[in-house]
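Atom set for the values below is all heavy atoms of this structure, side chains included, hydrogens, waters and symmetry mates excluded.
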Amino acid sequence: MTHYLLINCPDEPGLVYRITEVLYRHGLNILRNGEFVDRHDHHFFMRTELEGPCEPARLLLDLQTALPHATIRLRDDRPRRIVLMATKEHHCLSELLLRHFFGQLQAQVLAVISNHDNLRDLTERLGVPYHHLSAEGLSREAHEAAVLQQIDAYNPDYVVLARYMRILSPEFVAHFPARLINIHHSFLPAFVGASPYAQAYARGVKSIGATAHFVTDQLDQGPIITQSVIPTDHTHSALDMAQAGRDVEKITLARALTLVFREQVFVHRNRTIVFE
């Protein structure tokens, strides 16, 4: 089994030597290693892929002894357990469900939760449970309580908002620190509201993009995981731009999940360090 070792701490001389010396004593083989020093914050980040017999508790104890001021995580490469949330648009959800069906997501999709029922057939055809939790006639607090109860029944590693078109309260978000992932078009905040592509068309934009990010209690301001853009020009109608936007959104979200599930992303303050 491959293990991912993730370490971050204040930068100082000798860190790599101290880490690799512990790994050598444990008989572990380094398959891949990435390091980065944030010169502004004087902070060190290291991601290491390991193979070999591993006693996690003992390894972590020895590493923490060698680096008393470090944050250290050790993860295996088993598929991550996730719950998807969606509303009416299918493009991101169908992309993830198809990748899951063909074993390309490095995750186990436990369920789909939606405040509408129109994506049930798609979801269940691909063998995933679907839960319709309508918000009709409920306060946001009552609806979120029902959603949380359903999510908790699955105990997922991550919750993914696959175009879930409801604003979540800070109380809801607090249940999933750095475990709630969202996708949105990169026109925000320049083009806000219900018709961003119509606004983009009116302004004659020359590129269309999407941003995948961790969710915080500041709307669409969480740490960015990855972004993608595609070109457009004056020949594209607002409908053309909307379709292009859907295409880039689904690919960007899938890419972000690959990075997160392979433990290639560090969250540091309100930004990310991503080891490609």
Here the pair of heavy atoms bringing Gln108 nearest to Pro79 is N-CB, 4.1 Å

Taking only Lys NZ, Arg NE, NH1 and NH2, and the carboxylate oxygens of Asp or Glu, determine whether Arg80 and Glu263 approach each other closer than 4.0 Å.
yes

Should Tyr4 and Thr2 count as side-chain neighbours, where that means a heavy-atom distance under 4.5 Å?
yes

Measure the shortest side-chain to side-chain distance between His100 and Leu126 over non-hydrogen atoms and say whether it is less than 4.5 angstrom.
no

At what distance, to the nearest 0.5 angstrom, does CG of Leu59 lie from NE2 of His26?
5.0 Å

Atom pair CG (Leu6) and OG1 (Thr71), whose distance is rounded to the nearest 0.5 Å
11.0 Å

Measuring from atom CG of Leu122 to atom CG of Leu98, what distance do you get when rounded to the nearest 0.5 angstrom?
7.5 Å

Pairs in or reaching into residues 109-129: which pass salt bridge (Lys or Arg N to Asp or Glu O under 4.0 Å), with residues at least two apart or in two chains?
Asp117-Arg120, Arg120-Glu124, Asp121-Arg125

For the pair Phe45 and His268, name the ring-plane relationship: parallel under 30°, tilted 30 to 60°, perpendicular over 60°.
perpendicular

Leu148, Ile113: one ILVMFWY side-chain cluster at the under-4.5 Å cut-off?
yes

Where at least one partner belongs to residues 169-185, residue pairs that pass salt bridge (Lys or Arg N to Asp or Glu O under 4.0 Å), sequence neighbours excluded
none

Holding to side-chain contact (heavy atoms from CB on, under 4.5 Å), I want the full list of residues that pass it with Glu276, two or more places apart in sequence or in another chain.
Arg255, Leu259, Val274

Which atom of Arg140 lies closest to which atom of Ile167, heavy atoms considered:
NH1-O, 3.4 Å

Specify the closest pair of heavy atoms between Pro53 and Leu28, including all atoms of both residues, with the distance to one decimal.
O-CD2, 3.4 Å

Just wondering, do Ile72 and Leu5 contact through their side chains at under 4.5 Å, heavy atoms?
yes

Reported CZ-to-CD1 distance for the pair Arg246 and Ile208, which is rounded to 0.5 angstrom:
10.5 Å

Evaluate side-chain hydrogen bond (donor to acceptor under 3.5 Å, both in side chains) for His3 paired with Glu51, printing each intermediate quantity in order.
CA-CA 6 Å; His3 285 80; Glu51 70 174 359; over 6 Å; no

Contact between His184 and Thr211 at the side-chain level, heavy atoms closer than 4.5 Å - yes or no?
yes

Taking only residues two or more places apart in sequence, or in another chain, which ones meet Tyr130 in a ring pair (Phe, Tyr, Trp, His ring centres under 6.0 Å)?
none

Is it true that the side chains of Asp240 and Ser237 contain a donor and an acceptor less than 3.5 Å apart?
yes

Would Arg32 and Thr48 satisfy side-chain contact (heavy atoms from CB on, under 4.5 Å), going step by step from the backbone distance to the final call?
CA-CA 6 Å; Arg32 181 178 298 179; Thr48 307; over 6 Å; no

Straight-line distance of Leu257 CG to Leu253 CG, nearest 0.5 Å
4.5 Å

Exceeds 12 heavy-atom contacts within 6.0 angstrom, atom CZ of Arg81:
yes

Using every non-hydrogen atom in the two residues, find where Pro223 and Thr216 come nearest and quote the distance to one decimal.
CD-CG2, 3.8 Å

Within one Ile-Leu-Val-Met-Phe-Trp-Tyr cluster: Phe102 and Leu105, side-chain cutoff 4.5 Å:
yes

Could you walk me through whether Asn115 and Thr87 satisfy the side-chain hydrogen bond (donor to acceptor under 3.5 Å, both in side chains) test, starting with their C-alpha distance in whole Å, then the side-chain angles of each, then the deciding distance to 0.1 Å, before giving a yes or no?
CA-CA 6 Å; Asn115 57 318; Thr87 298; 3.2 Å; yes

Transitive ILVMFWY side-chain link Ile82 to Val265, under 4.5 Å
yes

Quick one: which residue pairs count as a salt bridge (Lys or Arg N to Asp or Glu O under 4.0 Å) with a foot in residues 85-96, not counting sequence neighbours?
Glu89-Arg163, Glu95-Arg99

Using side-chain contact (heavy atoms from CB on, under 4.5 Å), reason through Leu23 and Ile30 one step at a time and then give a plain yes or no.
CA-CA 8 Å; Leu23 299 180; Ile30 296 176; 4.0 Å; yes

In terms of side-chain geometry, is the basic nitrogen of Glu49 or Arg262 positioned less than 4.0 Å from the acidic oxygen of its partner?
yes

Check whether any side-chain heavy atom of Tyr197 sits under 4.5 Å from a side-chain heavy atom of Val205, and report yes or no.
no

Residues clustering with Leu239 (ILVMFWY side chains joined when closer than 4.5 Å, directly or via others)
none

Are more than 12 heavy atoms from other residues, nucleotides or ligands located less than 6.0 Å from atom NE2 of His90?
no

Is there a side-chain contact between Val128 and Leu97 (heavy atoms, below 4.5 Å)?
yes

Donor-acceptor pair, distance only, cut-off 3.5 Å: does the side chain of Asp76 make one with the backbone of Arg78?
yes

Quick one, Gln227 and Thr252 - any side-chain contact, counting heavy atoms below 4.5 Å?
no

With distance as the sole criterion, is a donor-acceptor pair present between the side chains of Asn33 and Glu35 under 3.5 Å?
yes

List the steps, then state whether side-chain contact (heavy atoms from CB on, under 4.5 Å) holds for Ser114 with Leu133.
CA-CA 6 Å; Ser114 178; Leu133 300 177; over 6 Å; no

Heavy-atom side-chain proximity of Asp77 to Met1 below 4.5 angstrom
yes

Identify which one of Lys250, Gln243, Glu249 satisfies the side-chain hydrogen bond (donor to acceptor under 3.5 Å, both in side chains) criterion when paired with His91.
Glu249

Looking only at the aromatic ring of each residue, does the gap between the centers of Phe36 and Phe275 stay below 6.0 angstrom?
no

Salt-bridge present (Arg269, Asp38; N to O < 4.0 Å)
no

Could you give me the CA-CA distance, side-chain angles and deciding distance for Met165 and His116, then say whether side-chain contact (heavy atoms from CB on, under 4.5 Å) is met?
CA-CA 11 Å; Met165 305 304 291; His116 291 273; over 6 Å; no

Please confirm whether Arg73 makes a cation-pi placement over Phe266, using NZ or CZ under 6.0 Å from the six-membered ring centre and within 45° of the ring normal.
yes

Only one of Ile224, Val173, Asn182, Val260 clears side chain to side chain contact (heavy atoms under 4.5 Å, CB included) with Phe214; which?
Val260

Looking at Ala178 and Val267, what are the two nearest heavy atoms and their distance?
CB-CG2, 4.5 Å

When rounded to the nearest 0.5 Å, the distance separating NE2 of His175 from OG of Ser169 is 9.0 Å

Do Tyr164 and Ile183 sit in one hydrophobic cluster, given that two such residues count as connected whenever their side-chain heavy atoms are within less than 4.5 Å of each other, even indirectly?
no

Can you see which heavy atom on Ala162 is nearest to which on Leu93, and at what distance?
CB-N, 4.0 Å

Single-linkage hydrophobic cluster, 4.5 Å side-chain cutoff, Ile251 and Leu96 together
no

